[in-house]
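Excluded from the calculations below are hydrogen atoms, water molecules and symmetry mates; all remaining heavy atoms, backbone and side chain alike, are included. What you see is a predicted model; the values in this text were computed from it and never measured. Each residue takes its place number in the sequence, starting with 1.
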Amino acid sequence: MFLFQDCTFFTRKDIIRLYKRFYALNPHKVPTNMQGNRPAITTLTFEEVEKMPELKENPFKRRICEVFSEDGRGNLSFDDFLDMFSVFSEMAPLQLKLKYAFRIYDYDGDELLGHDDLSKMIRSLTRDELSDVEVEFIIERIIEEADLDGDSSINFAEFEHVVSRSPDFIRTFHIRI
C-alpha cells in the first residue's frame with residue numbers, strides 16, 4: 001500500500017477506493033483484497049475497463065488504455081489502472097499530463113505528431129463525422145499554428161508550447177475518483 005502512495009498522487013484511502021472500482025469491473029477475476037501478489041498479476045481486458053463512466057464516452061478511451069497498459073493492447077493491471085488515474089488526477093503536475101497527452105496522440109509512437117497521428121486524433125475527436133477535405137484543412141491549420149521548426153510535424157516541445165496557451169487543457173485532462 002505504501003509503495004502505491006509513493007508512486008502516485010493518492011492517499012491510502014484513495015488507493016483503496018480505486019481498488020474497489022477495479023474490483024467492481026470484474027468481481028469474478030479480481031481478488032476481493034489487495035493482499036498477496038494475485039492483484040498485481042490480475043489484468044482486466046480493455047472491454048472490461050472501457051465500461052467505466054469516466055471512459056465510456058471518451059473518444060480516446062482505447063488509446064488511453066493502450067498507453068497506460070503494460071502490454072500496449074489496452075489490458076490493465078491494477079498498477080496500470082492506478083497509474084492512469086494518477087496521471088489524470090488533479091494533483092498530477094502539468095508536465096506529466098502533457099507527456100501522457102502527447103503519447104496518447106502519438107499513435108505511431110515515433111515521438112512526433114505527424115499527419116497520420118493528427119488525422120486519427122481529429123477523426124476520434126469528431127467521431128469520424130468530417131469529410132477528408134475538412135480533416136485535411138484542420139491538419140494544415142494545426143501544422144501552421146504549432147510547427148515552429150518547419151518539419152511538417154509537431155514534436156513534444158512544440159506541443160507543449162501550444163497546449164500551454166490553452167487554459168482548458170489542465171481542466172479537461174482530468175478524471176475524478
Side-chain angles (χ1 to χ4, degrees), residues 8-10 14 18 21-22 24-26 43-132 134-147 152-177:
T8 67
F9 300 101
F10 295 127
D14 293 334
L18 282 166
R21 298 279 312 278
F22 187 72
L25 292 171
N26 189 335
T43 301
L44 296 180
T45 65
F46 167 72
E47 290 73 22
E48 291 167 323
V49 176
E50 77 171 328
K51 293 180 175 98
M52 290 176 30
E54 295 86 349
L55 288 176
K56 202 177 215 169
E57 299 303 317
N58 190 313
F60 297 102
K61 65 185 170 195
R62 175 167 290 279
R63 189 68 191 133
I64 289 168
C65 289
E66 288 170 354
V67 165
F68 283 95
S69 67
E70 197 168 319
D71 69 8
R73 295 192 328 253
N75 306 313
L76 300 178
S77 66
F78 182 62
D79 288 1
D80 299 334
F81 187 79
L82 203 54
D83 286 346
M84 177 179 73
F85 271 93
S86 185
V87 169
F88 281 97
S89 76
E90 289 176 337
M91 300 304 293
L94 176 61
Q95 203 56 34
L96 184 65
K97 290 178 179 290
L98 288 170
K99 175 184 159 200
Y100 275 93
F102 189 83
R103 285 185 58 198
I104 289 165
Y105 301 145
D106 182 14
Y107 287 85
D108 60 13
D110 66 354
E111 298 185 18
L112 293 169
L113 301 183
H115 184 277
D116 290 348
D117 296 318
L118 294 172
S119 178
K120 286 178 183 173
M121 181 180 77
I122 293 162
R123 290 182 190 287
S124 291
L125 276 172
T126 61
R127 308 218 188 259
D128 214 10
E129 292 179 2
L130 298 180
S131 71
D132 290 346
E134 291 169 317
V135 171
E136 288 303 315
F137 177 80
I138 294 169
I139 291 170
E140 287 173 22
R141 297 292 82 73
I142 291 171
I143 296 290
E144 197 175 283
E145 175 75 20
D147 180 23
S152 296
S153 62
I154 301 166
N155 61 36
F156 182 74
E158 292 166 333
F159 176 78
E160 186 179 32
H161 176 74
V162 169
V163 174
S164 68
R165 296 184 303 179
S166 171
D168 286 345
F169 173 78
I170 196 89
R171 187 179 50 79
T172 58
F173 205 79
H174 171 70
I175 297 176
R176 280 196 207 296
I177 60 163

To the nearest 0.5 Å, how far apart are [atom1] in [X] and [atom2] in [Y]?
X	Y	atom1	atom2	answer
S153	D117	OG	CG	9.0 Å
M121	I104	CE	CD1	12.0 Å
E140	E145	CD	CD	14.5 Å
E158	L112	CD	CG	8.5 Å
T8	D79	OG1	CG	10.5 Å

A side-chain contact here means heavy atoms from C-beta on lying under 4.5 Å apart; do [X] and [Y] qualify?
X	Y	value
L118	I143	yes
L44	F81	no
L130	I138	yes
I142	I122	yes
M84	L55	yes
S152	H115	no

By side-chain contact (heavy atoms from CB on, under 4.5 Å), R123 pairs with (sequence neighbours left out) S119, D128, D132, V135
Set of residues satisfying side-chain contact (heavy atoms from CB on, under 4.5 Å) with respect to E54, sequence neighbours excluded: R21, M52, I175
Restricting to ring-ring contact (aromatic ring centres under 6.0 Å, His included), what partner residues turn up for F137, sequence neighbours left out? none
Testing the basics here: between [X] and [Y], what is the closest heavy-atom pair and its distance to 0.1 Å?
X	Y	value
S77	F22	C-CZ, 3.7 Å
C65	L76	O-CD2, 3.7 Å
N75	D80	O-OD2, 3.8 Å
V87	A92	O-CB, 3.3 Å

R62/E47 ion pair, N-O < 4.0 Å: yes
Should the ring pair F102 and F156 be called parallel, tilted or perpendicular, given that the plane angle runs from 0 to 90° and is split at 30 and 60? perpendicular
Parallel, tilted or perpendicular: which describes the rings of F173 and F169, with under 30° parallel and over 60° perpendicular? parallel
Polar side chain donor-acceptor pair, S131 to E134, under 3.5 angstrom: yes
Do D71 and S69 have side-chain N/O donor and acceptor atoms under 3.5 Å apart? yes
Can you pull the side chain to side chain donor-acceptor pair (under 3.5 Å) pairs that have at least one residue in residues 86-96, sequence neighbours excluded? E90-R176, Q95-E160
Not counting sequence neighbours, list each pair that qualifies as a ring pair (Phe, Tyr, Trp, His ring centres under 6.0 Å) and has a residue in residues 44-64. F60-Y105
Show the numbers, then the answer: is there a side-chain contact (heavy atoms from CB on, under 4.5 Å) between F9 and L96? CA-CA 12 Å; F9 300 101; L96 184 65; 3.7 Å; yes
How far apart are the C-alpha atoms of E70 and T43, what are their side-chain angles, what is the distance that settles it, and do they pass the side-chain contact (heavy atoms from CB on, under 4.5 Å) test? CA-CA 10 Å; E70 197 168 319; T43 301; over 6 Å; no
Which pairs with one or both residues in residues 91-116 pass salt bridge (charged side-chain N to carboxylate O under 4.0 Å, His left out), sequence neighbours excluded? none
Passes side-chain contact (heavy atoms from CB on, under 4.5 Å), F88 versus Y100? Steps please. CA-CA 9 Å; F88 281 97; Y100 275 93; over 6 Å; no
